[in-house]
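Worksheet for the structure shown next.
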Protein chains: 2
Amino acid sequence: MEVTAPVSRHSPACMKVSQVLSRIGDKWSVLVIMLLRERSRRFSELKRGVEGISQRMLTLTLRNLERDGLVSRTVTPSIPPRVDYELTEMGHSLAEPVQALGAWAFRHVAQIDAAQARYDAEVGNLEACEQTPT
Amino acid sequence: MEVTAPVSRHSPACMKVSQVLSRIGDKWSVLVIMLLRERSRRFSELKRGVEGISQRMLTLTLRNLERDGLVSRTVTPSIPPRVDYELTEMGHSLAEPVQALGAWAFRHVAQIDAAQARYDAEVGNLEACEQTPT
DNA sequence: CAGTATCCGACATGATACTG
DNA sequence: CAGTATCATGTCGGATACTG
């Protein structure tokens with residue numbers, strides 16, 4: 001169960017873990033995963049669903065997810081072409097801890113906001129006090 | 001319990017959630033949090049503990065965590081100065097889902113690696129077939 | 001429709017040097 | 001010791017245009 005202690009925090013495995021975390025951290029992956037959690041979706045459907053995303057970034061995001069084995073890509077050679085994306089089993093299993101993290105974030109949004117506001121106010125004050133012109 | 005569905009994926013709250021996820025995703029925050037999970041630590045201790053991190057990035061990481069209210073900073077004005085960092089209660093509560101995610105990542109490292117290798121092999125093949133020189 | 005290719009600016013990060 | 005300041009760089013991401 002222990003993850004960080006026994007692997008000494010610098011083992012190759014730990015590096016890999018960091019990579020996975022990075023994927024989670026990037027702006028779009030989680031959104032896409034959450035969208036695909038309900039059901040498989042087409043490219044354009046995802047594009048509409050995520051809303052801020054550029055075509056390029058959606059492509060790259062899906063590529064990475066597919067590369068990691070989290071999403072499967074199914075091409076239907078028709079005219080116009082149709083490509084469906086779906087969470088793999090591993091993708092679904094990832095969605096759970098991600099969801100847990102999302103739930104935590106959701107619960108603490110207000111508290112974090114408050115902390116930030118307080119911090120910024122203090123920093124602002126300190127900066128205002130600094131009268132060291134050169 | 002539902003996070004994404006009822007908030008329509010584009011509410012301001014959801015944006016905030018993304019911010020939190022970004023913090024998790026960045027290379028160092030999680031490492032620092034994990035280190036602080038055991039006990040409070042001094043700046044230089046963290047620097048040694050994380051190992052790849054530059055002084056600058058450790059400072060910035062700690063700053064952000066402090067701003068978010070996840071870490072508390074305690075200065076002991078001595079010579080030489082001493083600064084201790086400690087997870088706040090909220091920081092500790094965040095560590096749990098993060099740990100869960102880390103555990104997932106750890107369990108699936110091999111599978112992800114395999115998926116990547118397979119994907120790269122396929123892409124390599126496809127690229128090798130592409131004989132379209134201009 | 002579902003991409004790919006290219007250009008470009010913004011930001012993140014590392015290295016280095018200096019300070020209380 | 002615990003930072004801060006500055007500079008250089010590399011990656012990320014958006015906009016745009018083109019393709020099968």
Side-chain angles (χ1 to χ4, degrees), chain A residues 15 18-19 21-32 35-36 40-67 71-86 123 126-127 129-134, chain B residues 15 18-19 21-32 35-36 40-67 71-86 123 126-127 129-134:
Chain A
M15 309 302 256
S18 289
Q19 285 182 24
L21 280 275
S22 296
R23 184 103 315 136
I24 300 308
D26 92 57
K27 212 169 160 187
W28 308 114
S29 293
V30 170
L31 281 311
V32 170
L35 235 41
L36 290 178
S40 73
R41 292 172 192 269
R42 302 182 56 173
F43 184 88
S44 53
E45 203 176 349
L46 287 170
K47 182 143 168 35
R48 280 190 303 276
V50 176
E51 173 130 7
I53 198 169
S54 63
Q55 199 165 27
R56 171 188 158 81
M57 285 322 295
L58 180 55
T59 301
L60 288 180
T61 300
L62 288 168
R63 243 204 214 303
N64 285 326
L65 292 175
E66 190 196 356
R67 192 173 103 98
V71 160
S72 68
R73 179 172 179 272
T74 307
V75 180
T76 306
S78 56
I79 298 183
R82 174 193 178 102
V83 181
D84 288 87
Y85 293 90
E86 184 178 12
V123 171
L126 294 178
E127 279 179 354
C129 291
E130 279 189 27
Q131 299 295 4
T132 50
T134 314
Chain B
M15 308 303 254
S18 290
Q19 286 182 23
L21 280 275
S22 297
R23 184 104 313 141
I24 300 308
D26 91 58
K27 211 170 163 186
W28 308 115
S29 293
V30 170
L31 280 312
V32 169
L35 235 42
L36 290 178
S40 74
R41 292 173 191 267
R42 300 181 57 173
F43 184 88
S44 53
E45 203 177 349
L46 288 170
K47 183 144 167 35
R48 281 191 304 275
V50 175
E51 174 131 3
I53 198 169
S54 62
Q55 199 164 29
R56 172 189 157 79
M57 285 320 295
L58 180 53
T59 301
L60 287 179
T61 300
L62 288 168
R63 253 204 194 319
N64 284 327
L65 292 175
E66 190 195 355
R67 192 173 103 97
V71 159
S72 66
R73 180 172 179 272
T74 307
V75 180
T76 306
S78 56
I79 297 181
R82 174 193 179 101
V83 181
D84 288 87
Y85 292 91
E86 184 179 13
V123 171
L126 293 179
E127 279 180 353
C129 293
E130 279 191 27
Q131 300 295 7
T132 50
T134 315

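Note that the coordinates shown come from a computational prediction; the quantities given were computed from them, not determined experimentally. The sequence lines fix the lettering, A, B, ..., with proteins before strands; numbering per chain opens at 1.
- B:S22 contributes atom OG, which lies 11.5 Å from atom CD1 of A:I24 (distance to the nearest 0.5 angstrom).
- In this structure, B:E45 places its CD atom 12 Å from P of D:dC1, rounding to the nearest Å.
- For D:dC1, neither phosphate oxygen OP1 nor OP2 lies less than 4.0 angstrom from any side-chain nitrogen or oxygen of B:R42.
- Residues in residues 52-65 of chain A take part in these side-chain hydrogen bond (donor to acceptor under 3.5 Å, both in side chains) pairs, two or more places apart or across chains: A:R63-B:Y119.
- Remark: C1' of D:dT11 and CZ of A:R23 are 14 Å apart, rounded to the nearest angstrom.
- Rounded to whole angstrom, the span from the CD atom of A:E66 across to the P atom of C:dA2 amounts to 15 Å.
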Query raised in the report: Please, what dot-bracket string fits DNA chain C when only Watson-Crick and G-U pairs with both distances under 3.5 Å count, crossing ones use [ ] and pairs to another strand use |?
Result: ||||||||||||||||||||

Query - Contact pattern, 5' to 3', of nucleotides 13-20 of chain C - B, S or - by protein heavy atom under 4.0 Å - result: BBB----B

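- Pairing each heavy atom of B:V50 with each of B:W28, the nearest pair is CG1-CE3, 3.5 Å.
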**Report entry** Stepwise side chain to side chain contact (heavy atoms under 4.5 Å, CB included) test for B:V32 and B:Y85
**Finding:** CA-CA 10 Å; B:V32 169; B:Y85 292 91; over 6 Å; no

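- Looking at every heavy atom in both residues, B:R42 comes nearest to B:D84 through CG-OD2, 3.4 Å.
- To the nearest angstrom, P of C:dA2 lies 9 Å from CG of A:L46.
- Heavy atoms only, all atoms of each residue included: A:V83 and A:R73 are closest at CG1-CG, 3.7 Å.
- For B:S44, counting side-chain heavy atoms from C-beta on, the closest listed nucleotide (D:dA2, D:dG3, C:dA2) is D:dA2.
- Atom CG in B:L36 sits 5.0 Å away from atom CG in B:L46 (nearest 0.5 Å).
- A side-chain donor-acceptor contact under 3.5 Å links B:R41 to the backbone of B:L35.
- Distance, B:R63 CZ to D:dA2 C1': 11 Å, rounded to whole Å.
- Here the side chain of B:Y85 is nearest to one of D:dG3, C:dG3, C:dA2, namely D:dG3.
- Note: NZ (B:K47) to P (D:dC1) measures 11 Å, nearest angstrom.
- Interatomic distance, OG1 of A:T74 versus CD of A:E86, reported as 6.5 Å (0.5 Å rounding).
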